[in-house]
Protein chains: 2
Amino acid sequence: MTAPRQTKQRATVLEALRVTPRFVSAQELHGVLRAGGEGTGLTTVYRHLQALAADGTVDVLRADDGESLYRICADSGHHHHLVCRHCGTSVEVEGPAVERWAVRMAEEHGFADVEHTLEIFGTCASCSRKRG
Amino acid sequence: MTAPRQTKQRATVLEALRVTPRFVSAQELHGVLRAGGEGTGLTTVYRHLQALAADGTVDVLRADDGESLYRICADSGHHHHLVCRHCGTSVEVEGPAVERWAVRMAEEHGFADVEHTLEIFGTCASCSRKRG
DNA sequence: ATCGGTTTTGACAACGGTTTTCATATGCGG
DNA sequence: CCGCATATGAAAACCGTTGTCAAAACCGAT
Ligand SMILES: [Zn+2]
Ligand SMILES: [Zn+2]
Ligand SMILES: [Zn+2]
Ligand SMILES: [Zn+2]
């Protein structure tokens with residue numbers, strides 16, 4: 001459990017995520033880095049995203065097509081997302097009542113080690129305008 | 001929009017789903033059919049599951065590893081699931097308050113065409129016992 | 001029952017996102 | 001500055017899923 005090395009690639013991936021206020025795929029991020037002149041390999045991008053997700057630095061969600069999307073959120077605590085299915089723009093939302101409901105459902109049916117996934121997908125105002 | 005033909009394979013897949021009270025993957029279902037002496041092809045299993053999911057006959061959810069899992073539910077209306085991550089056993093649950101919350105969040109942020117995904121994962125009583 | 005068209009089937013190949021491999025490069029403690 | 005454990009990345013493997021296409025099966029019409 002030694003601290004990760006401070007490499008150019010790690011800094012580059014983190015910076016790209018911090019500058020991107022929406023959910024992006026590993027491949028998209030890789031493309032952006034390539035375009036920016038950084039020769040970061042796709043494998044390395046995947047590895048960093050995976051590590052960042054594991055330690056909770058980034059949130060992950062699965063798009064309809066199965067692709068994993070990543071984002072650094074302002075709120076480091078437990079929360080959910082309202083995500084635009086067209087551009088990936090997302091809003092962090094909390095629902096204390098939902099959290100309690102999930103726990104109660106689990107208890108009522110004897111389930112342990114409970115977790116839940118909850119995402120709201122829609123078309124954001126900006127994309128609604130562009131699409132009429 | 002003609003009715004699908006009544007083939008042996010279609011009946012077999014439907015029957016297998018009806019007899020299985022838990023979420024199963026296409027490959028698992030295919031294995032069961034093979035073991036049962038039915039020579040149903042994997043491609044065909046995928047096609048039927050896809051069609052059944054499209055018309056709402058079966059519910060679909062994505063496991064952590066990205067695999068799609070299918071199940072025929074008793075409740076044909078909108079509902080969510082409490083799923084055992086070990087054996088796939090699931091309970092159908094409803095949360096009217098959650099539905100309203102999701103709609104309200106979307107409205108507050110100007111999102112249209114809203115949908116949501118919500119699943120609760122845990123270890124069911126039976127699996128808890130087996131695992132101490 | 002038979003025929004003919006349309007649909008369905010299934011072995012196989014292709015696809016696409018992700019992970020593994022492994023030889024090389026590099027951060028970093030001593 | 002050395003030594004070495006870790007990080008990198010091109011290429012290959014992986015794996016669930018979808019596309020291909022010739023052969024088989026369904027079904028309405030004859
Ligand atoms: Zn948008
Ligand atoms: Zn929650
Ligand atoms: Zn269980
Ligand atoms: Zn709902």
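Quick note on labels: first sequence line is chain A, next is B, and so on, each numbered from 1.
- Rounded to whole angstrom, the span from the CG atom of A:Leu49 across to the P atom of C:dT18 amounts to 9 Å.
- The residue among B:Gln9 and B:Glu67 whose nearest nucleotide of DNA chain D is located toward the 5' end is B:Glu67.
- The B:Gln27 side chain lies nearest to D:dG16 when the options are D:dA7, D:dA10, D:dG16.
- Atom C1' of nucleotide D:dG9 and atom CZ of A:Arg10 are separated by 18 Å, given to the nearest angstrom.
- For D:dT18, one of the phosphate oxygens OP1 or OP2 lies less than 4.0 angstrom from a side-chain nitrogen or oxygen of B:Gln50.
- Dashed line: the shortest gap from a side-chain N or O of B:His48 to OP1 or OP2 of C:dT9 is under 4.0 Å.
- In this structure, A:Leu42 places its CG atom 14 Å from P of C:dG16, rounding to the nearest Å.
- Phosphate contact (OP1/OP2 of C:dT6, side-chain N/O of B:Thr2, threshold under 4.0 Å): absent.
- A:Glu99 and A:His116 share a side-chain donor-acceptor pair at under 3.5 Å.
- Within a 6.0 Å sphere centred on CG of B:Asp64, other residues, nucleotides and ligands contribute 12 heavy atoms or fewer.
- Looking at which nucleotide of DNA chain D each of B:Ser25 and A:Lys8 is closest to, the 5′-most match is held by A:Lys8.
- Checked against the 6.0 Å centroid threshold, B:His81 and B:Phe23 count as a close aromatic pair.
- Listed pair B:Tyr46 / D:dT17 meets the phosphate criterion, a side-chain N or O lying under 4.0 Å from OP1 or OP2.
- Note: CD (B:Gln6) to C1' (D:dG28) measures 15 Å, nearest angstrom.
- As a whole-Å value, the separation of A:Glu38 CD from D:dT8 C1' is 14 Å.
- Side-chain N/O atoms of A:Arg5 and base N/O atoms of D:dT6 include a donor-acceptor pair closer than 3.5 Å.
- Atom CG in A:Leu33 sits roughly 14 Å away from atom C1' in D:dG9 (whole-Å rounding).
- A donor-acceptor pair under 3.5 Å is formed between the side chain of A:Arg22 and the backbone N or O of A:Cys87.
- We find that CG of A:Asp64 is positioned 12 Å from P of D:dT18, with the value rounded to whole Å.
- A donor and an acceptor atom never sit less than 3.5 Å apart when one is taken from the side chain of A:Arg47 and the other from the base of D:dA7.
- The CZ atom of B:Arg34 sits 12 Å away from the C1' atom of C:dT9 (whole-angstrom rounding).
- Applying the 3.5 Å distance criterion, the base of C:dA11 shares a donor-acceptor pair with the side chain of B:Thr43.
- Between A:Thr40 and D:dT8 there is no side-chain polar atom (N or O) within less than 4.0 angstrom of OP1 or OP2.
- B:Ser90 and B:Arg71 share a donor-acceptor pair across their side chains, judged by distance under 3.5 Å alone.
- Among the heavy atoms of the strands lying under 4.0 Å from B:Thr7 are primed sugar atoms or P, OP1, OP2 only; no base atom is included.
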